[in-house]
Amino acid sequence: MTSPNPALVTQRAAQRLPRVALLLFCAAYVLPGLFGRGPWKNADITAFGYMLSIAQGHSSWIAPTVGGLPADAALLPYWLGASFIKLLGPWLEPALAARIPFALLLVLTLVLTWYATYHLARTEAAQPLPFAFGGEASPIDYARAIADGALLALIASLGLLQLGHETTPELMQLASVALFVYALAASPFLAVQSRLGVLAALPALAASGAPSIALALSAVGALICRHSGYEPARRFVPWIVASGLAASLIATVLHAWALRVGVNGLLHGHVWDLLRLMIWFTWPAWPLAVWTVWRWRGHLWDRHISIPLGCVGVSLLACITMGGSDRALMLGLPPLAVLAAFALPTLQRAAASAIDWFSVAFFTVFAATIWVIYVSIRTGMPAQPALNIERLAPGYPHSFTLGALLPALGATLAWLWLVKWRTGRSRHPLWKSLVLPASGVALCWLLVMTLLLPPLDHARGYRSLMERIARHVPHGFCVAAPGIPVAEVVALEYLGGYRVDAVTPAGETRCEFLLHLEAQRAAGGPGPAWRLLARERRNASGEEISAIYKRAGPARR
């Protein structure tokens, strides 16, 4: 027997978040980091390198390479980035042009999460109980308020912060999962949109390098819709199956089937590492999602619980089987945010207050620390933070722009106003408990991407290493780089302007210069045919020492 609906919501509590404020939240989250930086190591610059290679015609669209090293099977994101590089090339530098479509994918993920939650909240089982004398929330207002909460929960998720702003195939996978959740949620209400959505979602997921996850989602989605009380949802099952079959066909054509299983690491004492990853990566959505499952435990087969819960389960399973992959876990963040939003109608005041005060304390201290570091960099007072930054990123550019300072000041003032508003008498809207976590994450991300961007970009990028290599290797020369990570190969080509051969062994290459990792020197080095010029390391990282050699004799012909 189904237990009673636990949601009791008044019309006053179903206020929606003002649209201007919601748009500002999204802008403060998406835009910082889009401009003013280069590609970062490792996945960011690696994916960018394949996009650039395609756009410049150095490799084919079907089999992109960098320095002779082939790409993985995630071709669709590479095609997307390459298309924007070619389209915007006359006006924007390639790294920025490649980032734009992935920023749009992040926006699409936010939008799809909102609409998926909205449609799920409109289902009969998700609606709050009516009051004896009226005054309960109207269905539309309630659905909008819940959807606002889901969007805030997604923005507040710590795991999405860096990975969601990279130029990598995983962002295309994330948007595909969000589209799949939306298609399932909208299937009882919007037949055409949901069918088109599901037919696009799983093939796109497979073409982005995750065909196994696409098949798992297909099975879970078909099972949920098969047990749905909505007739249109039951008729939606063949479309889900067709999408899964299309995903399988695409994966086969692109040779995208690959097993990346790493369970053995978990069986040898790394369970705690996985738990720790899950705890911080999905914060603050996971405690709310757990509360949702508990409070709605009698409704687990209802669509507003089963759809996000099933999709989260697929992501968790992929994360575990891949040895604790944070990128697989990231795909569960949109459905986890949906699940967390349905905790809001049943959240107790003490729990809401705990979330608020933790957010105030944590993000205020974090923001204040960023400001102290910035002031130290600019004025030298206090001295220690600037010394620490210089030690971590020696030689970073000491640039000052009002374009970075003014948004940081505005965001800080907005945070102080939000803290005052939330700790005042604004206790009614459902989404109130997620305002401070979401705004705190957006604030700290914006401060880092404005005030601390020069040293951070210097530390996370390869430009400084390329500048030191250029002292020994003239631009335009051929550099042999067997065994060098793909990220550094991309940096050599894009930032250094070299022709790179990363596949030919040192004894057979025709290149005049050779670059290889210092760790390989223990195996005997490149041999007497090469003369050591210098050893350089990327900033303060002692693990990334590169040895630069020049051919001792005449070049091979």
Side-chain angles (χ1 to χ4, degrees), residues 4-18 21-22 25 29 113-114 117-118 120-121 126-129 131 135-137 141-160 279-280 282-297 299 304-305 308-309 333 336-367 414-444:
N5 189 320
L8 293 171
V9 181
T10 65
Q11 181 62 39
R12 190 174 185 182
Q15 301 174 29
R16 69 175 185 174
L17 186 64
L22 193 63
F25 269 124
Y29 186 76
T113 301
W114 191 96
T117 312
Y118 172 77
L120 290 176
Q127 287 293 311
L129 290 175
F131 296 154
E136 70 275 2
D141 291 339
Y142 170 78
R144 287 173 176 168
I146 293 291
D148 289 345
L151 181 57
L152 294 176
L154 183 57
I155 292 176
S157 299
L158 297 180
L160 188 61
I279 289 172
W280 77 260
T282 60
W283 179 270
W286 75 262
L288 294 174
V290 170
W291 182 253
T292 296
V293 174
W294 171 251
R295 293 292 284 132
W296 295 85
R297 60 190 180 276
H299 300 260
H304 67 292
I305 304 297
L309 185 60
L333 292 180
L336 189 68
V338 176
L339 199 61
F342 286 99
L344 300 180
T346 65
L347 199 63
Q348 298 176 356
R349 179 172 295 182
S353 298
I355 294 174
D356 286 337
W357 287 112
F358 174 82
S359 300
V360 169
F362 180 80
F363 291 114
T364 299
V365 170
F366 201 136
W415 166 254
L416 296 176
W417 180 87
L418 275 174
V419 170
K420 179 181 178 182
W421 172 84
R422 180 63 190 97
T423 56
R425 297 183 178 181
S426 301
R427 303 183 182 274
H428 298 289
L430 285 177
W431 39 262
K432 62 186 182 296
S433 301
L434 288 169
V435 168
L436 290 182
S439 58
V441 167
L443 166 70
C444 293

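Among Tyr29, Trp415, Phe366, the one residue that satisfies the side chain to side chain contact (heavy atoms under 4.5 Å, CB included) test with Leu443 is Trp415. Considering Asp356, Ile355, Leu152 in turn, Asp356 is the only one that fulfils the side chain to side chain contact (heavy atoms under 4.5 Å, CB included) rule with Leu436. Tested against Leu160, the residues Val441, Leu333, Ile155 include a single side chain to side chain contact (heavy atoms under 4.5 Å, CB included) partner, Leu333. Between Leu288 and the choices Val293, Thr282, Leu434, the side chain to side chain contact (heavy atoms under 4.5 Å, CB included) rule is met once, by Leu434.
Scanning all heavy atoms of the two residues, the minimum distance from Ala285 to Ser157 falls at CB-OG, 4.3 Å. Closest of all the heavy-atom pairs between Ala153 and Ala340 is CB-CB, 4.5 Å. Contact between Ser433 and Ala352 at its shortest, heavy atoms only, is OG-CB, 3.2 Å.
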Full working for side chain to side chain contact (heavy atoms under 4.5 Å, CB included) between Thr113 and Val338: CA-CA 7 Å; Thr113 301; Val338 176; 4.1 Å; yes
Kindly indicate, with the supporting measurements, whether the criterion side chain to side chain contact (heavy atoms under 4.5 Å, CB included) is fulfilled by Phe25 and Leu151. CA-CA 10 Å; Phe25 269 124; Leu151 181 57; over 6 Å; no
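A side-chain donor-acceptor contact under 3.5 Å links Gln127 to the backbone of Ala121. At least one donor-acceptor pair closer than 3.5 Å links the side chain of Thr292 to the backbone N or O of Ala343. With hydrogens and angles ignored, the 3.5 Å screen pairs a side-chain donor or acceptor of Tyr142 with a backbone N or O of Ala126. Counting only distance, with no hydrogens or angles, the side chain of Trp286 and the backbone of Ile279 share a donor-acceptor pair below 3.5 Å.
Of the inter-residue distances, the one linking Leu339 atom CG with His304 atom NE2 reads 9.0 Å to the nearest 0.5 angstrom. Atom-to-atom distance recorded for Trp431:CH2 and Ile146:CD1 is 12.5 Å, nearest 0.5 angstrom.
Between Trp114 and Leu154 there is no side-chain heavy-atom pair separated by less than 4.5 Å. Contact annotation: the side chain of Leu120 approaches that of Pro308 to within less than 4.5 Å [non-hydrogen atoms, C-beta and beyond].
Residues that satisfy the side chain to side chain contact (heavy atoms under 4.5 Å, CB included) test with Trp417, not counting sequence neighbours, are Trp421.
Side chains of Thr346 and Trp296: a donor-acceptor N/O pair is absent below 3.5 angstrom, by distance only.
Here Trp283 and Phe358 bring their ring centres to under 6.0 angstrom of each other.
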